[in-house]
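Side-chain atoms are counted along with the backbone in the values below, which use heavy atoms only and exclude waters and symmetry mates. Both counts, for ligands and for their atoms, begin at 1 and track the order of listing.
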Amino acid sequence: MTGHIVVLGGGYAGLGAAKRAARRLRGAGARVTLVNAADRFVERVRLHQLAAGQRLPDLPLRGLLDGAGVELAVATVTGIDLAARVVRLDAAPYELGYDVLVYALGSGADLGAVQGLAEHAYTVATEREAARLRSRLTAARSVAVVGGGLTGIEAAAEFKAARPGLEVRLVSGGPIGAGLSPRARRHLRRAFDRLDVTVREHAPVAEVGPGGLLLRDGGEVPADTVVWAAGFRVPELAAACGLATDEHGRMLVDATLRSLSHPEVLGAGDAAAVRGSRMSCQTGLPLGLQAGDAAAALLTGRAPRPARIRYVWQNISLGRHDGVTQFTRADDSPSGPVLTGRPSALFKEVITRGTVWRMRHPHLSP
Ligand SMILES: Cc1cc2nc3c(=O)[nH]c(=O)nc-3n(C[C@H](O)[C@H](O)[C@H](O)COP(=O)(O)OP(=O)(O)OC[C@H]3O[C@@H](n4cnc5c(N)ncnc54)[C@H](O)[C@@H]3O)c2cc1C
């Protein structure tokens with residue numbers, strides 16, 4: 001059998017998809033190519049640690065792909081010709097024809113949300129931006145982290161734990177940790193009190209400037225460094241090339257992860273709008289594996305199975321020695337049990353390492 005599966009994006013979703021598809025097609029004569037902008041796998045879930053000055057494990061993609069039967073193209077995807085079934089790249093091989101395409105380009109920071117963001121704010125959304133913030137933080141005296149979701153909480157706690165002398169304010173348009181149970185939120189409040197992080201809830205930001213934040217109610221939050229962690233935005237490529245997308249530019253997929261407009265294209269991870277899922281590596285890795293299964297099925301003329309996503313916990317680090325693990329129902333709603341303190345921090349570290357282990361051995365995942 002011949003045939004070519006091309007996977008765009010070597011993150012949690014794309015790497016899992018490529019390795020799983022190659023595994024399913026082993027010995028069948030098909031090709032699987034993974035395209036990624038860099039030659040390294042970026043553990044995005046650790047980027048707040050990078051910004052706080054920690055060293056992250058070096059994970060070359062070639063090492064993670066060793067023996068998997070996946071070709072790697074290190075290049076940026078500049079376009080997709082859906083009619084000709086060709087992907088365009090900014091580096092060799094410049095063009096790749098495909099029979100089945102997996103779109104898993106992830107997400108980045110949403111720097112269009114309010115005025116002044118692009119000029120004045122830093123983020124932890126990509127490795128490059130987190131590294132830029134790391135340099136800035138060495139000279140910073142006061143930081144305003146905007147975003148009461150998991151990324152903002154983790155970033156504010158990590159920066160303060162790493163540099164206790166830094167003045168850190170966490171500012172959120174709504175409540176902090178909105179999806180957590182009252183018990184988990186109580187722990188967050190205690191942790192921020194202990195760390196001496198000032199928390200401002202229900203304070204939507206109107207504008208970002210060189211001296212900090214202007215709030216919608218007219219108030220100001222002074223800070224020499226602003227970190228925007230209030231939501232991610234997906235690449236515009238899916239919409240630009242003509243794939244059906246939602247209002248946020250996420251690729252619309254059916255229950256088997258196939259594009260609603262182009263069924264030979266599958267979507268997974270942050271860049272795909274999968275019903276009942278939230279942007280997370282907890283979603284990206286399992287859906288990536290299932291997209292790999294679906295891609296192999298399509299190439300061999302079989303019908304892909306409906307994808308399933310079941311959540312188990314939300315794992316939040318609060319520096320290296322504290323955390324909150326909120327156990328959840330399969331639909332991601334909080335179910336009661338909460339782990340806190342060092343056991344939670346240790347648990348999160350084990351899960352984060354375990355995720356990379358699963359990327360090395362995706363055939364051992366269901
Ligand atoms: C600081 C931080 C902490 C987080 N903590 C957690 C957590 O604790 N738990 C959790 O579940 N989730 C967490 N997340 C979210 C999680 O990291 C993302 O949801 C996850 O990375 C999505 O995986 P993905 O494979 O869809 O995309 P990504 O991991 O973003 O991978 C996309 C890949 O595509 C590549 N790419 C993009 N555009 C192009 C292009 N045009 N050409 C070629 N390559 C391209 C990128 O370089 C990247 O390698 C966190 C995120 C951040 C930023």
* Structure fact -> Closest to atom 15 (C) of ligand 1 among protein heavy atoms sits S280 CA, 4.0 Å
* Structure fact -> With heavy atoms and a 4.0 Å threshold, my read on which part of A75 contacts ligand 1 is backbone
* Any donor-acceptor N/O pair, K19 side chain to V70 backbone, under 3.5 Å -> no
* Identity and distance of the protein heavy atom lying nearest atom 25 (O) of ligand 1 -> A13 N, 2.8 Å
* Output the list of atoms in ligand 1 that are nearer than 4.0 Å to some heavy atom of K348, sorted by atom number. => 7 (C), 8 (O)
* To do: Could you tell me the residue and atom name of the protein heavy atom closest to atom 31 (O) of ligand 1, and the distance to it rounded to 0.1 Å?
  => G11 CA, 3.2 Å
* Does the N or O separation between D270 and ligand 1 drop below 3.5 Å for any pair? -> yes
* Structure fact -> Nearest heavy-atom contact between A238 and T245 is CB-CG2, 3.8 Å
* Among N36, L237, V7, T283, which one has a heavy atom closest to atom 49 (O) of ligand 1? -> N36
* Asked: Counting heavy atoms only, which of L50, V45, V35 is nearest atom 14 (N) of ligand 1?
  -> V45
* Asked: Quick one: are Q282 and W313 in side-chain contact, heavy atoms under 4.5 Å?
  -> yes
* To do: Give a yes/no on ligand 1: does A38 have at least one heavy atom closer than 4.0 angstrom to it?
  => no
* Asked: Are F41 and ligand 1 in contact, using a heavy-atom cut-off of under 4.0 Å?
  -> no
* **Taking every non-hydrogen atom, the tightest pair across R85 and D99** => NH1-O, 3.7 Å
* **Nearest-0.5 Å distance, OG1 of residue T325 to NE2 of residue H187** => 9.5 Å
* **Residue pair R360 / L59, side-chain heavy-atom distance below 4.5 Å** => yes
* Nearest neighbour in protein (non-hydrogen) for atom 36 (N) of ligand 1 -> L105 CD2, 3.8 Å
* Asked: What atoms in ligand 1 come closer than 4.0 Å to a heavy atom of T151?
  -> 1 (C), 2 (C)
* Asked: Quick check: does any side chain N or O of R233 sit under 3.5 Å from a backbone N or O of G249, one acting as donor and the other as acceptor?
  -> no
* Asked: In ligand 1, which numbered atoms sit nearer than 4.0 Å to a non-hydrogen atom of A37?
  -> 43 (C), 44 (N)
* Would you say T76 and ligand 1 have an N/O pair spaced under 3.5 Å apart? -> no
* Side-chain (T352) to main-chain (K348) donor-acceptor, under 3.5 angstrom -> yes
* Asked: Hey, which atoms in ligand 1 end up nearer than 4.0 Å to a heavy atom of V124?
  -> 1 (C), 53 (C)
* To do: Run the numbers for me: atoms of ligand 1, each under 4.0 Å from some heavy atom of H48, listed by number.
  => 1 (C)
* Asked: So, do L213 and V171 sit near enough that their side-chain heavy atoms are less than 4.5 Å apart?
  -> yes
* Please verify whether a non-hydrogen atom of G284 lies at under 4.0 Å from ligand 1. => no
* Asked: Is the backbone N or O of T283 less than 3.5 Å from a side-chain atom of Y12, with the two atoms forming a donor-acceptor pair by type?
  -> no
* Proximity of A104 to ligand 1 by residue part, where a heavy atom lies under 4.0 Å -> backbone
* In the protein, what heavy atom is nearest to atom 27 (O) of ligand 1, and what distance, to one decimal place, separates them? -> G106 CA, 3.1 Å
* Which heavy atom of S344 sits nearest a heavy atom of V324, and at what distance? -> OG-N, 3.0 Å
* Is the NZ or CZ atom of R31 both under 6.0 Å from the centre of the six-membered ring of Y98 and within 45° of that ring's axis? -> no
* Residue pair V87 / L101, side-chain heavy-atom distance below 4.5 Å -> yes
* To do: Please identify which atoms of ligand 1 are closer than 4.0 Å to at least one heavy atom of N315.
  => 8 (O)
* Asked: If you measure from the Lys or Arg side-chain nitrogens to the Asp or Glu carboxylate oxygens, is any gap between R88 and D81 under 4.0 Å?
  -> yes
* **Which residue and heavy atom of the protein sit nearest atom 17 (O) of ligand 1, plus the separation** => R44 CB, 3.3 Å
* Hey, is the main chain of A140 close enough, under 3.5 Å, to the side chain of R163 for a donor-acceptor pair? -> yes
* To do: Report yes if some N/O of Y12 lies less than 3.5 Å from some N/O of ligand 1; otherwise report no.
  => yes
* Asked: Please state which protein non-hydrogen atom is closest to atom 34 (O) of ligand 1 and give its distance, to 0.1 Å?
  -> G9 CA, 3.4 Å
* Asked: If we only count N/O pairs under 3.5 Å, is V77 in contact with ligand 1?
  -> yes
* Top protein contact for atom 11 (O) of ligand 1, by heavy-atom distance -> C281 N, 2.9 Å
* Give the atoms of ligand 1, by number and element, whose distance to some non-hydrogen atom of E154 is under 4.0 Å. => 3 (C), 5 (N)
* To do: Show which atoms of ligand 1 fall inside a sub-4.0 Å distance from at least one heavy-atom site of S107.
  => 30 (O)
